[in-house]
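To start, the structure itself, in structure tokens.
Given the structure is predicted, the values throughout are model-derived calculations rather than measurements.
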Amino acid sequence: MAKRIPFNVIFVSDEDLDFPSNELNSHGPTVQGWRNHPESVIPNQEIILRLHNPAQICRIQVLAHQFLIPERIEIWIHFSPKGAPTTPSSQTFEYLGYISLSDNSATKFKSRELQSVSVGPQKGTHVKLRLGQNHPNHLNTNNQVALIAVNVIGFDIGSEDLIKLTESGTDIPLQSICDDLSFSMYVEESITDTVRAIEMLKKKAVNDERFEYARKLKLCMSALRSAGERMGRYALAKRQAVVQEDFIAAKLRKEQIEMYKNAVFAHLRVEVLMERDKTNQENDSFSEIYAQKPTLPQPPSLQDVAATLADLSSTMSPKLGHRDTGSTDGSSISESYSASLSKASVTQVDAPNSPQLNQIGRSPYRDSSASNSRTGSLRRRNKSAPRSSYEDYEERAVPALRQECQGAALLESDPCRGRSRLNERERRQAALPILTFGNDMVEMFYSRQYQDREDGLIHLTAILKGESSLDFAVGLNKIARSATLLLHRAVRDAVFSVFNYATETVRALFVEFVPGRVSASEVARCVDRLLPELLAKSGDPSPRIHTLAQHTILTIAACPEVREQHLIAPALSRSVGTGTHPRLALSRMQMLEQLALSQGINADKQSGLTCRALSDCGCSGIHHPSEPVRKVAERVLLLVYKINPRLVRKQLPPDDDVTRRNLLYRQLFTEFDKLDMQRRKEMLAGSRTGDAGAESPTNCAKTESPQFSLERKSKTVKHDSCENSATASPKKSILLNKNGATHSDTGNRNRVTHQVPNRQNGKEEYNVKVKQTMALSAFNSNSFDDEKPQYCPFCDWEYNGAQDELDKHFWKACPILTKCPQCRQVLEVAALNAHLTGECDAKISYITCKRCTEAVHKDLYEIHSMEDHCQELKPNIARCPLCHDEVEAPLDGGWKLHLLSTDGCRGNARRRAKI
């Protein structure tokens, strides 16, 4: 395995005296790194590293400065055999490549960029880094460049591991995570050495099949890394204190590191896991500490360190009066702190049941008074026990637990004690609710305790339901307005229980309080204030929150006063843009569908549930990137199509072969055809109930379905609908003679019905006939679904007749279809070139190649023209956009042969060989 190769910096072209180049020789949290002189005139800075031993270099890591960043770093390598001169002027370096660094403006120059580049096994003894010009920014006024750390990873020359890894071709792993720069630069040095030793023990335990022991070592390494990063920050603060000559703070930081380190080691039982003397069988058994990921002890603050130092010095002063208190051993201090932590964690379990919590004083290591120092910090229950006995701590609770229990006792004695008072801004904001409900109730809504907010909502719900009354008479409109102001704050609460109570109160307001009691203008004001917050909550990631918000909005919409003023539907029927969040768009479309089903499609233009409003919203929803949104939008369009089919078809592209190549439109038009066929069957059944349904236009008009009566009122003539009803029966074979007569064969009798003069032109007549033929074929295919197997219309794939299965086949598996690389639309492979240049959203970026007729991106056109497959096409030949091969006879089944054969299109990910 690869390891870190130690090195020394032997040459730099320039350096700042405060940031010398020897900072690069070591790694650690306190390393400052190298930077060039502020007044340097050298354009490219060079740094030469000499490895301690010749090595096979595999990887080089560079940690850049946060704002003194070079644009690029070139990497050069040199191998010098033994006996050769090693001066920089006599060395010949081989160029390997360069590393580009970002300008770091995206992070506001607060983070450092770590670049790790693999150079392949390269034999070398020296590495040269050449730094380019700096990235200009407002913090780098002197145009300096800097490096925080450099790491060289590789193998010793002749290593067997390198030979094995080279033969296998796998990635080269690290011997230890401590060799990685992301670990060694942020973890304290002593912790790094301990983790390295534990990692060796873990490998040995795995070889010995001591898997429980190995699991404990792995969890210990993870916990030590987190503790080491914290200790690294402490070490950085200690160095900063030394720079500022604040030696008291530096001493406290030093003792803080030692105290926290010993506390962590004692909590994780590191010495037991290390097994320095012999194998410990206890490590192979279950341990509560390592039952799951261990939690680290609470780190000591500087006040804790100062108090512990004061206690220890006062305790040791009678015995060691001749010694200086400043020379106190740090191990004894850390042992005292770790002992207090361990005993505090033991008493934490029994502390809540202790009746003496209110009489407990300060914790032992925080009490630094002179009287306690002279007489002993604690009273011993056993006089013969030593002073360091754990019995001194058995009835003491940790400070946080003691404060929590004392706070709970105070709240039980005075419930209003923990409730915060309203400030001036909050009083102005809640002036009306205070006048209506009183100051105490409003303080519940503004309290920081969620239990108080829940109690306030329960009380408000009781008032709105009439279960509780106010102390003084207040107008109903004023109560509704005040409740809305409080609920506007409650529905935005982040605690789910509070939001749940808030939605229940909102439903009580509009279901039980508003009807027949509150004016229409006040109801509109309440809805305008609450609806935006509930709509925002309907797009929440949590299912229980957005489901509850949807239910609340639909409940408000069912209120008679809200329904009469049309306050909810217009907000939901707005067009859904492609940039709308999928969850928010899905919630809006689902609520709009429920309103259309429950309240019906209305002719009132202000209702928001008109055919035009619903069709506009549905047409915008079917173009949304999210599939669930498109599905609901299709259902909304089908609801409108049942009432006004002409309006829906007018807002969609024309129903032709080009449009039906789009899978979305094909499914939608298929559903439209089914509705049309159902309407024609209803019309036919109605016409047969008349005396002469197919012969008399008057009787035909009387037996017409309600849907067709609506269509006739909007620009449809009676005899046209009679003609449609007479020719719509799928059980008749229809023939047209040259004179315009229609011969209908009904089995036992033959009759000739003269065709009514058609007022349409030839194109419209052709379109009517095509639609009748499509509807007839759709009816016939639906009639024999149970008798004949179903096949894919493109690739003849057999399925069980389920529409969902066919849709899934279209979307993922059909070899004749593909997805547009730009808009992800599913279409035929043969139409991909025409789609990219004429229909796609990114059609501006594509042009048609004049030689091979392929759709090519404008930026890649010159490269495409130099490709071998860019050649002029022969007659009756097409070019496949996936594999660029020629397709013979594309109009006579050539595309199907090219795409469906196992040895066909090599660029088609859906070909049969892979299905």
Side-chain angles (χ1 to χ4, degrees), residues 589 592-603 609-622 630-657 659-660 662-688 700 703-716 720-731 767-786 790 793 801-804 806-807 810:
M589 296 300 297
L592 184 62
E593 181 187 13
Q594 292 297 324
L595 286 181
L597 292 173
S598 61
Q599 300 182 8
I601 299 178
N602 199 337
L609 293 176
T610 60
C611 290
R612 182 167 296 278
L614 292 175
S615 60
D616 290 341
C617 184
C619 290
S620 63
I622 61 175
R630 297 196 298 268
K631 292 294 183 183
V632 182
E634 290 178 12
R635 296 200 297 266
V636 173
L637 286 177
L638 292 176
L639 291 176
V640 182
Y641 190 81
K642 294 178 181 179
I643 305 300
N644 195 343
R646 291 189 176 184
L647 176 63
V648 178
R649 287 189 177 272
K650 185 177 180 181
Q651 293 187 343
L652 294 175
D655 186 5
D656 51 17
D657 294 338
T659 305
R660 285 188 177 249
N662 190 333
L663 181 60
L664 176 65
Y665 289 129
R666 179 182 302 157
Q667 296 173 355
L668 194 58
F669 288 140
T670 302
E671 296 296 330
F672 288 168
D673 294 339
K674 291 180 181 179
L675 292 177
D676 291 339
M677 182 57 61
Q678 182 180 1
R679 183 183 294 112
R680 289 191 179 95
K681 288 194 291 184
E682 292 176 358
M683 182 192 65
L684 180 62
S687 63
R688 286 180 177 178
C700 178
T703 58
E704 209 174 21
S705 62
Q707 290 86 349
F708 272 90
S709 64
L710 288 177
E711 291 184 13
R712 183 163 60 250
K713 290 179 181 178
S714 57
K715 303 180 182 180
T716 303
D720 290 337
S721 62
C722 293
E723 178 189 359
N724 292 335
S725 63
T727 59
S729 175
K731 298 181 180 180
N767 292 335
V768 171
K769 293 178 181 179
V770 168
K771 291 183 180 179
Q772 291 176 356
T773 306
M774 291 174 59
L776 194 63
S777 62
F779 177 81
N780 292 333
S781 62
N782 293 333
S783 301
F784 297 100
D785 280 348
D786 298 334
Q790 300 290 321
Q803 185 65 29
D804 295 339
L806 182 61
D807 295 343
F810 285 159

Check: How would you list, by chain and number, every residue that makes a salt bridge (charged side-chain N to carboxylate O under 4.0 Å, His left out) with R635, sequence neighbours excluded?
Finding: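 Once residues adjacent in sequence are excluded, the partners of R635 under the salt bridge (charged side-chain N to carboxylate O under 4.0 Å, His left out) criterion are E593.
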
Can you see which heavy atom on [X] is nearest to which on [Y], and at what distance?
{"X": "Y641", "Y": "R679", "result": "O-NH2, 3.5 Å"}
{"X": "G600", "Y": "L609", "result": "O-CD1, 3.7 Å"}
{"X": "G618", "Y": "M589", "result": "CA-CE, 4.4 Å"}

Check: Does some side-chain heavy atom of D655 sit less than 4.5 Å from a side-chain heavy atom of F672?
Finding: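 Sidechains of D655 and F672: no contact.
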
Item checked: Any side-chain heavy-atom pair of C617 and L592 under 4.5 Å -> yes

Just to verify, what does [X] make a side-chain contact (heavy atoms from CB on, under 4.5 Å) with, not counting sequence neighbours?
{"X": "S598", "value": "L595"}
{"X": "C611", "value": "I601, V640, I643, N644, L647"}
{"X": "E671", "value": "L638, K674"}

Using the side chain to side chain donor-acceptor pair (under 3.5 Å) criterion, which residues pair with [X]? Sequence neighbours excluded.
{"X": "E634", "answer": "none"}
{"X": "D807", "answer": "Q667, Q803"}
{"X": "D616", "answer": "Q651"}

Next item on the list: Could you list the residues that satisfy ring-ring contact (aromatic ring centres under 6.0 Å, His included) with Y665, not counting sequence neighbours?
Entry: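 Checked Y665 against ring-ring contact (aromatic ring centres under 6.0 Å, His included); zero matches.
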
Note to self: To the closest 0.5 Å, what do you measure between CG (L668) and CG (D673)?
What the structure shows: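 Interatomic distance, L668 CG to D673 CG, rounded to 0.5 Å: 10.0 Å.
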
Next item on the list: With rounding to the nearest 0.5 Å, note down the distance linking CZ in R666 to CG in L664.
Entry: 11.0 Å

Notebook entry, point to check: Counting only N and O atoms by type, is there a donor-acceptor contact under 3.5 Å from the side chain of T659 to the main-chain atoms of P654?
Noted result: yes

